[in-house]
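What follows is a short report on a single structure.
Both backbone and side-chain heavy atoms feed into the values below; hydrogens, waters and symmetry mates do not.
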Amino acid sequence: MRKINKGQEPKEWTAYRLTPGVSYQAIPELRQALLEEQGYICAYCMRRIPCQDANSGETSRIDHIKCRDRWPELGLSYNNMVLCCPGAITDDFHCDKRKDNRDISFSPFDDDFINTLKYGTKDGRMQSTNADWDQEINEVLNLNNALLKSNRAEVINAVCHAFAKDANKANAKRILEKWNNKDAEGRLKPYCGIVVWFMKRWLGRHGW
């Protein structure tokens with residue numbers, strides 16, 4: 001996971017939610033704003049948001065961090081929404097597809113949460129040093145299912161292999177810049193959070 005820098009809601013959504021008597025319904029401008037805000041990757045697993053998922057037929061799912069059923073006052077709040085992948089690469093559902101109408105107690109907008117995350121460079125496992133948050137990562141979002149771990153491990157192993165050929169601070173900073181920022185098309189690299197975490201850790205250990 002990586003921190004999402006929450007921006008201003010699109011004007012079309014402002015107009016929609018201020019309509020008297022309106023109930024929640026996603027509009028295209030809302031979905032597009034979230035997609036651009038997140039660099040076209042899932043808020044939770046960091047998978048590229050697909051044009052269409054081969055299994056579910058969905059392109060994306062808007063998740064309310066605090067469930068609308070229990071928090072109706074937040075049902076139209078842009079600051080309670082993130083965009084997720086369909087969560088159905090296999091039958092072992094993840095992200096919003098697994099979360100359903102449950103809540104999580106952490107926020108991908110919060111540095112305090114992001115700073116608790118760490119990853120296994122060999123197996124791609126995502127963990128939080130906070131026991132409650134770690135439980136939610138596994139049980140509510142299922143972010144350590146076999147395929148997601150494998151995808152993260154493949155990314156970090158490829159980056160580490162290339163980095164080992166020229167392991168110095170300048171190269172580490174170049175890689176960090178590349179993986180921590182959107183490209184010219186406003187896109188982040190899939191599974192970028194594990195690379196950002198590794199490079200920040202490496203730089204910290206080498207006096208950056």
Side-chain angles (χ1 to χ4, degrees), residues 1-7 9 13 16-17 22-27 30-31 33-35 37-50 53-120 123-152 190-194 197:
M1 219 176 299
R2 77 182 303 278
K3 183 186 178 184
I4 297 170
N5 294 313
K6 202 66 178 167
E9 68 182 20
W13 181 250
Y16 179 86
R17 69 174 176 79
V22 74
S23 58
Y24 172 77
Q25 182 174 346
I27 61 174
L30 172 64
R31 196 175 298 272
L34 293 169
L35 189 65
E37 185 172 78
Q38 295 172 201
Y40 294 79
I41 63 172
C42 177
Y44 297 133
C45 76
M46 303 179 289
R47 174 192 174 200
R48 172 75 69 217
I49 299 287
D53 188 89
N55 293 323
S56 69
E58 293 182 307
T59 58
S60 60
R61 298 168 65 94
I62 293 178
D63 178 47
H64 289 73
I65 296 172
K66 298 295 184 185
C67 171
R68 284 182 289 140
D69 289 345
R70 284 186 292 279
W71 305 83
E73 69 276 15
L74 297 177
L76 301 176
S77 172
Y78 185 70
N79 290 327
N80 188 42
M81 298 178 195
V82 292
L83 195 69
C84 299
C85 69
I89 305 175
T90 67
D91 291 336
D92 191 13
F93 295 156
H94 55 89
C95 299
D96 181 51
K97 185 77 170 179
R98 171 68 172 257
K99 180 175 178 284
D100 197 24
N101 66 347
R102 291 179 287 179
D103 292 337
I104 51 176
S105 60
F106 59 79
S107 168
F109 316 140
D110 184 6
D111 280 318
D112 288 341
F113 163 67
I114 297 298
N115 290 337
T116 71
L117 296 179
K118 59 182 182 178
Y119 297 86
D123 64 1
R125 185 174 185 81
M126 178 191 298
Q127 294 177 281
S128 171
T129 55
N130 179 297
D132 292 334
W133 294 343
D134 192 62
Q135 184 177 21
E136 292 171 4
I137 284 170
N138 286 286
E139 296 183 6
V140 180
L141 297 175
N142 195 26
L143 296 183
N144 282 314
N145 79 17
L147 185 55
L148 292 176
K149 287 198 300 181
S150 175
N151 288 348
R152 289 193 296 263
Y191 309 107
C192 55
I194 189 171
W197 168 82

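Note that NZ of Lys97 and SG of Cys85 are 11.0 Å apart. Values are rounded to the nearest 0.5 Å. The line from SG of Cys45 to CG of Asp96 is 11.5 Å long, rounded to the nearest 0.5 Å. Here CG of Leu74 is found 11.5 Å from CZ of Arg68. Values are rounded to the nearest 0.5 Å. Atom CZ of Arg98 is separated from atom CD of Glu139 by 8.0 Å, given to the nearest 0.5 angstrom. Taking CG of Asp123 as the reference point, atom NZ of Lys149 lies at 5.5 Å (rounded to 0.5 Å). Atom CG of Leu76 sits about 6.0 Å away from atom CE of Met81, to the nearest 0.5 Å.
Here Tyr119 pairs with Trp197 under the ring-ring contact (aromatic ring centres under 6.0 Å, His included) rule; sequence neighbours left out.
Under a 3.5 Å cut-off, the side chain of Asp92 and the backbone N or O of Asn145 do not form any donor-acceptor pair. Asn101 places no side-chain N or O within donor-acceptor distance of the main-chain N or O of Cys67, the cut-off being under 3.5 Å. No donor-acceptor pair closer than 3.5 Å links the side chain of Asp134 to the backbone N or O of Thr129.
Across all non-hydrogen atoms, the minimal contact from Arg152 to Leu143 is NH2-O, 2.8 Å. Closest heavy-atom contact between Asp63 and Tyr44: OD2-OH, 2.6 Å. Minimum interatomic distance between Leu148 and Asn142 (heavy atoms only, all atoms of both residues): CD1-O, 3.9 Å. For the residue pair Ile41 and Arg48, the shortest heavy atom distance occurs at CG2-NH1, 3.5 Å. Of all heavy-atom pairs between Pro86 and Arg61, the closest is O-CD, 3.5 Å. What you find for Ile114 and Lys3 is that their closest heavy atoms are CD1-N, 3.6 Å.
When each of Asn138, Val140, Leu117, Thr116 is tested with Trp133 by the rule side chain to side chain contact (heavy atoms under 4.5 Å, CB included), just one qualifies, namely Thr116. Residue Met1 forms a side chain to side chain contact (heavy atoms under 4.5 Å, CB included) with just one option from Ser128, Cys42, Pro108, and that option is Pro108.
Ring planes of Phe106 and Phe113: parallel class, angle under 30° (limits at 30 and 60°).
Side chains of Asn151 and Arg47 form no contact here, defined as non-hydrogen atoms less than 4.5 Å apart. You'll find the side chain of Phe109 reaches within 4.5 Å of the side chain of Val82, heavy atoms only. Contact of the Leu141 side chain with the Glu136 side chain is not registered, since no non-hydrogen atoms from C-beta on lie closer than 4.5 Å. Using a 4.5 Å heavy-atom cutoff, the side chains of Ile89 and His94 are in contact. For the pair Arg31/Leu83, a side-chain contact is recorded, criterion being any heavy-atom separation below 4.5 Å from C-beta on. Under the 4.5 Å side-chain criterion, counting only non-hydrogen atoms from C-beta, His64 is in contact with Tyr24. At a threshold of 4.5 Å between non-hydrogen side-chain atoms, the residues Leu30 and Tyr16 do not count as touching.
Remark: aromatic rings of Tyr78 and Trp13 are distant, center separation not under 6.0 Å.
Lys6 NZ: more than 12 foreign heavy atoms inside a 6.0 Å radius. More than 12 heavy atoms of other residues, nucleotides or ligands shown are found within 6.0 angstrom of CD on Glu73.
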